[in-house]
Number of protein chains: 2
Amino acid sequence: MLWERAREPHAHRWSLPGGGLGADEDVEASIRRQLAEKVDVRQLSHVEQLAVFSAPTRVPGPRVVATAFLGLVPSDTDPVVPSDTAWHPVDALPATAFDHEAIILRARHRLASKLSYTNLGFALAPPSFTISALRSLYSAALGYKVSATNLQRVLSRRGLLEPTGGVAPVGPSGGRPAALFRFVSREMRVTDPFAVLRPPAGRSLGM
Amino acid sequence: MLWERAREPHAHRWSLPGGGLGADEDVEASIRRQLAEKVDVRQLSHVEQLAVFSAPTRVPGPRVVATAFLGLVPSDTDPVVPSDTAWHPVDALPATAFDHEAIILRARHRLASKLSYTNLGFALAPPSFTISALRSLYSAALGYKVSATNLQRVLSRRGLLEPTGGVAPVGPSGGRPAALFRFVSREMRVTDPFAVLRPPAGRSLGM
DNA sequence: CCAGGTTTTCGCCTTCCGGGCGAAAACGTG
DNA sequence: CACGTTTTCGCCCGGAAGGCGAAAACCTGG
C-alpha cells in the first residue's frame, strides 16, 4: 500500500506510509498509529521490524533515520483509504520515493524467507481458505509458482494446517469442490530447520 | 565484550559498547567506529543489524533510540581493551545496564539461528581449525552440545567446509591427530532451507 | 616394543521430509 | 451419460539429518 506524494521533493512518486516517532511511544506503537490514522489499517496480522535505514543523504534536508517494518494483513481486508492512497501488486510497482524501493525489496525478501521456515502464511490468509487460494498467496509472495500438492503436504506435515470440514462453492467451470482449511495457530512460530544436531529436546535460548 | 559503568545511572553495571550517531555516517559506520575507537576491535568478521530498541523509558533522562548490532570476531582475536572493559563468557554474564540484557538475548538467539541455516560459523572460527575446536564454538554459541560427527558431515555436505591438508599437533594425552579444516567462503550465504517448492532454479528476489 | 587408553575419523544404517507424477474423486455442462 | 475440469490422494524416489560402532592414529607405562 502506497500513497502518492503531492509536494516536492519527489512529487508524484509513491511512498510507504509512515511518520515521525512520538515522545511517548516506541517505534512499533508509532507505525501502528500511523497505519491506523492514515490508511485505516487497524488489524495487522503480523508486524516485525525490518531494518534501520540511516544513510545521511537518504532524504533531502535534515537527517532522517527510519525504522522500516514489515506489516501483513489478510488478503481479504479492505480498509477505507484516502484518495491519494492505493494498493499496488508487488510485482508491478510504480516509481517510489527516496529509498523506499530498497525497503520494499528487503520486505519482500524477508517475507519470502519466513514463508518457507515459519507458519507466517496465516498472516496473509483469511480465516478459512482452499489450498488453491493459499497457493496463489504463496506464489505471489514468493515470486514463483508453487505446487498445490506440495504446499498442502508440507504445511500439513508440519502441523500448521487443518481442515475445517467445510467445502468451498464450486466455480462456473465445474470441478471437484475444494475443501476448506485453516491455520492451526495464528501466532508466528518457526519450523525448526535443520539444526546442526538438534538440542536434546527442550534446551533452547527461549524467545 | 562489556565495559563497566563508573557513573550513575547504573554505576558498576556492565554495558554493551556503543555511542551516538555522527552526522556523516550511517548506523553501521557508527558502530564500526565506536568499536575501533573504544575497544580496539577493527576487524569484524560479520556485522548485522539486530533491532531497534526504542521504549520511551529504556534509559533515564532524554529519549534514546538505539539500533542494536550483532558483531562477530574470530575466536582467536585479542584486542587491546581499556581497563574497564573485558570479555565475558556468554553463559555467565554479570549484571548489565539498561535493557542490554534483552539486547544480548536477541543477539544470542539470532546467532544460534543463523549458525543452523547459514555458513556464519566462519565468522567465529580462525582461518583453520579442527573439528573439535569448531564443535566447541558451536556448542558455546548454541547453548547445547553438538556432535562432532554430525557437525562435520552437515557442513561438508553443504559444501561449506574443506580440509586444509594439515593436521593439528596432538595434545599431552595422546589420541589421533586432528585434521585441519577451513571454511570455503568467508562471506555469509544462506543454506537454502526447505523452500515450499523450490524455485525453477534461478528465480529469486535477489539479495 | 607391546598392551592399554585416548582422540579422531570413517562407514553403515535408519528415519524423515521435500518433490514429482499419475490415478482417482467429485463436481459441472452439453 | 459421456466429457472436460478441478481437486485430492497414493505411490515412489532421492537426499539430508542423526545415531552408533568400528577402525585409525596417536600417546604412555610397563
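Quick note on labels: first sequence line is chain A, next is B, and so on, each numbered from 1.
- Annotation: side chain to side chain contact (heavy atoms under 4.5 Å, CB included) contacts of A:Ser132 (sequence neighbours excluded): A:Thr130.
- Atom pair B:Asn150:CG and D:dG21:P shows a separation of 15 Å (rounding to whole Å applied).
- Every residue meeting the ring pair (Phe, Tyr, Trp, His ring centres under 6.0 Å) condition with B:Phe98, not counting sequence neighbours, appears here in chain and number order: B:His10, B:His100.
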**Study point:** Protein proximity profile, nucleotides 2-12 of chain D - base contact B, sugar-phosphate-only contact S, no contact -, cut-off 4.0 Å on heavy atoms
**Key:** --BBBBSB-B-

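- Separating the OH atom of A:Tyr138 from the P atom of C:dG19 is a distance of 13 Å, rounded to the nearest angstrom.
- Counting atom types as modelled, A:Arg157 pairs a side-chain N or O with a base atom of C:dG18 as donor and acceptor under 3.5 Å.
- Atom-to-atom, NZ of B:Lys145 to C1' of D:dG18 comes out at 19 Å; the value is rounded to the nearest Å.
- Listed by chain and residue number, B:Pro177 satisfy the side chain to side chain contact (heavy atoms under 4.5 Å, CB included) test with B:Val170 (two or more places apart in sequence, or in another chain).
- Across the protein-nucleic acid pair, B:Leu151 atom CG and D:dA16 atom P stand 16 Å apart, rounded to whole Å.
- Residues that satisfy the salt bridge (Lys or Arg N to Asp or Glu O under 4.0 Å) test with A:Glu4, not counting sequence neighbours, are absent from this structure.
- Applying the ring-ring contact (aromatic ring centres under 6.0 Å, His included) test to pairs two or more places apart or on separate chains, those with a residue in residues 73-92 of chain A are A:Trp14-A:His88.
- Looking at B:Asp26, its side chain does come within 3.5 Å of a backbone N or O of B:Ala29 through a donor-acceptor pair.
- Residue-to-nucleotide contacts include no donor-acceptor pair under 3.5 Å from the side chain of B:Arg158 to the base of D:dA16.
- Atom-to-atom, CG of B:Leu160 to P of D:dA17 comes out at 10 Å; the value is rounded to the nearest Å.
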